[in-house]
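Following: one structure in structure tokens, then a few remarks.
Protein chains get the first letters and strands the later ones, always in sequence-line order, with residue 1 at the start of each.
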Amino acid sequence: MTSASPSLAPLSEAAAEPSALAEISQETLALTRRLFVQLIRRPSTLVAGVLQPLIWLVLFGALFAKAPQGLLPGGGSYGRFLGAGVIVFTAFSAALNAGLPVMFDREFGFLNRLLVAPLRSRSSIVLASVLYITSLALVQSLAIVVTAALLGYGWPGASGLLLVLITLLLLVFAVTALSLGLAFALPGHIELIAVIFVANLPLLFASTALAPLSFMPTWLGWLAALNPLTFAIEPIRAAYAGNFQLNRIFTDVVLQAPYGSLTAASCLAILAALALGLFLAIRPLLDRKLT
Amino acid sequence: MIELQHLCKRYGTGRKSAPVQALNDLSLAVPAGSLYGLLGPNGAGKTTALRIVCTLLAPDAGTVRVAGVDALADPRAVRRLLGYVAQDVAIDKILSGKELLALQGDLYHLNRVDRDRRIGDLIGLLGMGDWIDRRCGGYSGGMRRRLDLAAGLLHSPRLLVLDEPTVGLDLESRAAIWQVLQQLRDQGTTVLLSSHYLEEVDALADRLAIVESGRVIAEGSPAELKGALGGDRVTLRVREFSDAGEASRVRTLLEHCAGVRQVVVNRAQGYSLNLVVENAAVIERLRSQLAAADLPVFALAQSRASLDDVYLQATGRTLLDAELEGAGQRDAKAERKQSMR
């Protein structure tokens with residue numbers, strides 16, 4: 001095996017020390033590229049992430065297709081009502097799985113390979129996960145948006161699409177932070193999958209994804225009105241309502257919660273605060289685990 | 001190149017597991033440009049010491065300096081200097097070997113030209129050309145070890161740290177890795193490796209430390225350590241399959257024989273007896289005394305001192321005995337948890 005010349009040519013002397021930004025970019029891009037190569041070669045995650053909400057959309061849409069007109073707030077069809085919930089569910093499910101690759105890297109020792117390297121910032125490891133899962137969640141959600149349009153459940157228009165995008169980004173950041181925190185806090189992937197399994201569907205059902213607050217008993221209405229998914233669903237539902245204009249996000253009420261009325265801007269502010277709060281909350285844990 | 005001073009490390013301070021003192025005042029110094037071996041049974045503390053050198057683990061007490069840099073104060077500077085080949089090879093099964101090396105190059109901030117040239121050189125050096133573009137998931141243990149060695153060398157480190165680099169490898173792969181390590185040492189790279197293979201450390205190391213229960217119990221070059229023992233080694237079996245009682249009786253007899261310095265019963269080898277004799281004439285006296293006591297001699301082998309004898313002298317048991325003792329006490333699950341972040 002060493003028939004070739006055993007000597008290794010030395011590395012060239014760097015003309016100047018690369019900037020911190022250049023080094024962080026290099027390591028973050030390399031780590032993100034790795035996650036995408038994994039996705040391309042093992043696309044089942046991507047396919048399942050689109051297929052599951054698609055089945056929800058088709059089956060639930062058909063189940064309530066004959067619901068009387070005017071039953072739902074706004075008077076639209078159930079399919080149009082459901083679309084916003086399924087879009088949010090798609091992004092939420094994808095983001096909830098963000099911690100799994102990190103957990104597997106912890107368990108199989110690959111994280112140690114990263115930690116023994118002179119990374120300029122170990123936040124690159126987290127940043128790569130956030131970039132990857134955000135892209136994945138948005139691609140999956142976009143697939144649902146397009147499919148919903150093809151099924152006749154409506155199209156939000158350009159400004160509505162922008163609101164959908166901002167809402168999903170905030171939700172994905174928040175849930176990704178939570179999932180990454182769990183990936184470093186829990187002892188193994190079995191526990192992480194259990195938490196994902198337990199959290200996923202109950203959070204969906206205890207939101208306004210499938211039914212409006214007015215259909216729910218009081219206690220469930222309170223739960224749904226406090227559920228972060230609801231704060232993402234209602235602005236998106238407003239974007240699908242027709243004649244949507246961005247400047248109305250500060251004035252039009254999108255959620256009549258038991259504790260008060262919220263505009264789309266209020267919902268986005270709550271999601272932003274949640275994302276920021278969760279990242280700040282997991283930071284000490286990440287610092288402890290990655291240093 | 002490496003100075004470890006009074007390192008202490010304890011695991012399992014939680015409620016579920018009993019605490020284990022992995023390092024107990026371990027100190028050693030690895031000269032620059034040398035190939036240095038850490039020898040000891042599984043569980044002696046070798047991996048913990050190496051993980052501390054590589055900045056993956058912080059000691060509870062003690063100091064770590066690598067090339068003059070305080071590893072606890074400036075771990076990133078130390079990481080730039082060293083390459084690490086871990087005991088359990090961690091690879092991404094979905095990536096090809098070449099993609100994994102490219103990732104490694106980016107994590108060490110190599111420019112693309114250097115990175116690709118260096119990858120090409122290492123593929124040639126380690127004979128990886130036939131399979132490096134295949135996904136890592138299909139690699140054999142030897143392939144994985146070569147790939148991990150290449151990853152450790154990619155950024156041209158001044159110090160290469162290897163944890164049990166040849167465990168589970170076939171003889172050909174083991175010899176090939178030995179050859180590369182010797183070449184690296186000859187080119188000026190400091191190599192620190194741990195092993196529980198006596199012949200590996202004896203053949204490779206310029207100097208070595210024997211680690212037992214988290215501390216260094218002997219240190220020096222293999223020749224120095226073996227030479228310090230003096231005398232010849234004798235392995236004696238009075239019967240093909242003896243027992244503890246008979247071995248103890250023979251031991252008592254031999255201990256009173258002039259010219260015999262140390263007698264140890266080796267349970268792992270069918271209660272044979274390992275002893276040190278001052279010269280060849282003592283062996284004839286031994287035979288006479290055994291005959292006078294009506295004890296047969298099934299086998300008697302004489303040899304120069306080995307590192308196993310050094311270990312035996314220092315600990316009162318052979319390395320194999322220590323391995324067997326340790327095997328029953330190890331908790332693989334707890335060890336995996338210790339290596340997890």
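Going from atom CD1 of B:Ile94 over to atom CG of A:Leu39 covers 11.0 Å, rounded to the nearest 0.5 Å. Atom-to-atom distance recorded for A:Phe104:CZ and B:Lys93:NZ is 11.0 Å, nearest 0.5 angstrom. In this structure, the separation between CG on A:Leu119 and NE2 on B:His109 is 6.0 Å, given to the nearest 0.5 Å. Between the CD atom in A:Glu23 and the CG atom in B:Leu107 there is a gap of 11.5 Å [rounded to 0.5 Å]. In this structure, CG on A:Asn112 lies 9.5 Å from CG on B:Leu57, to the nearest 0.5 angstrom.
In this structure the side chain of B:Tyr84 never reaches within 4.5 angstrom of the side chain of A:Leu115, judged on heavy atoms. Side-chain contact check for B:Glu99 versus A:Arg34: every heavy-atom pair is 4.5 Å or farther apart. Residues B:Leu103 and A:Arg113 are not in side-chain contact: their nearest non-hydrogen atoms beyond the backbone lie 4.5 Å or more apart. The side-chain heavy atoms of A:Glu27 and B:Asp106, taken from C-beta on, include no pair separated by under 4.5 Å.
Heavy atoms closer than 4.5 Å to chain A are found in both the backbone and the side chain of B:Asp92. At a 4.5 Å heavy-atom cutoff, B:Leu81 makes no contact with chain A through either its backbone or its side chain. At a 4.5 Å heavy-atom cutoff, the contact between A:Arg41 and chain B is made by backbone and side-chain atoms alike. The contact between A:Leu31 and chain B is made by backbone and side chain atoms together, counting heavy-atom distances below 4.5 Å. Contacts between A:Arg120 and chain B at a heavy-atom distance below 4.5 Å involve backbone atoms as well as side-chain atoms.
In terms of modelled atom types and a separation under 3.5 Å, the side chain of A:Gln38 and the main chain of B:Leu95 share no donor-acceptor contact.
For A:Leu280, the CG atom counts as densely surrounded, since its 6.0 Å shell holds more than 12 non-hydrogen atoms of other residues, nucleotides or ligands. The number of heavy-atom neighbours closer than 6.0 Å to CZ of A:Phe36, taken from other residues, nucleotides and ligands shown, is above 12.
Closest of all the heavy-atom pairs between A:Phe110 and B:Ile91 is CD1-C, 3.9 Å. Listed here is the closest heavy atom pair of B:Arg80 and A:Pro118: CG-CB, 3.7 Å.
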